[in-house]
Amino acid sequence: MLFQLLERVVYFYTILLVVYALLSWFPGGYQSGLGRFLSKICEPYLSLFDRLPLRIGPFDFTILGAIIILNLAMQGLAHILVWIVAGAII
């Protein structure tokens, strides 16, 4: 039950990160009300990836890397919980 809630939170946060990335396509997107709101939510997590070399020429793959890491962590947690539950059954 708690794990399903966590999965939904990660899914929703992933969507927020995608919307935040799409705002870069619109001039002044980050200065809008939605942009400022998403900046407050997304920037703390994205700042963890600032030192990684995820910028290649004019392209910045920081958000993509952050989404991939977030979802891999969620899958890893799922596997750990399966091992714990399987060990409790045996």
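Numbers for residues simply follow the sequence, beginning at 1. Worth knowing before you read on, the calculation uses all heavy atoms, side chains too, and leaves out hydrogens, waters and symmetry mates.
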Would you list the atom pairs, donor with acceptor, under 3.5 Å between side chains in residues 64-71 and any protein atom, with sequence neighbours excluded?
| unit_1 | atom_1 | unit_2 | atom_2 | d |
| --- | --- | --- | --- | --- |
| N71 | ND2 | I67 | O | 2.8 |

- Query: Which value, rounded to the nearest 0.5 Å, describes the distance between I41 atom CD1 and L46 atom CG?
  - Reply: 11.5 Å
- Query: Which residue pairs pass the side chain to side chain donor-acceptor pair (under 3.5 Å) test with at least one member in residues 9-19, sequence neighbours excluded?
  - Reply: none
- Query: What's the shortest heavy-atom distance between P44 and S39, and which atoms?
  - Reply: CD-O, 3.9 Å
Could you give the side-chain donor-acceptor pairs of residues 25-38 under 3.5 Å, partners two or more places apart or in another chain?
| unit_1 | atom_1 | unit_2 | atom_2 | d |
| --- | --- | --- | --- | --- |
| Y30 | OH | Y20 | O | 3.1 |
| S32 | OG | G29 | O | 2.8 |
| S32 | OG | G35 | N | 3.1 |
| R36 | NH1 | Q31 | O | 2.4 |

- Message: I'd like to check the ring pair (Phe, Tyr, Trp, His ring centres under 6.0 Å) partners of F61; sequence neighbours left out, ordered by chain and number.
- Response: none
- Message: Can you tell me how far apart OG1 (T62) and CG (L17) are? Round to the nearest 0.5 Å.
- Response: 11.5 Å
Using distance only, find each side-chain donor-acceptor pair of residues 77-86 under 3.5 Å and give its atom names and separation, not counting sequence neighbours.
none

- Item | From S24 atom OG to D60 atom CG, the distance as rounded to the nearest 0.5 Å | 9.0 Å
- Can you list every salt bridge (Lys or Arg N to Asp or Glu O under 4.0 Å) pair that touches residues 40-53, not counting sequence neighbours? none
- Give a yes or no on whether Y45 and L6 share a hydrophobic cluster (residues Ile, Leu, Val, Met, Phe, Trp, Tyr; joining criterion: side-chain heavy atoms under 4.5 Å apart). yes
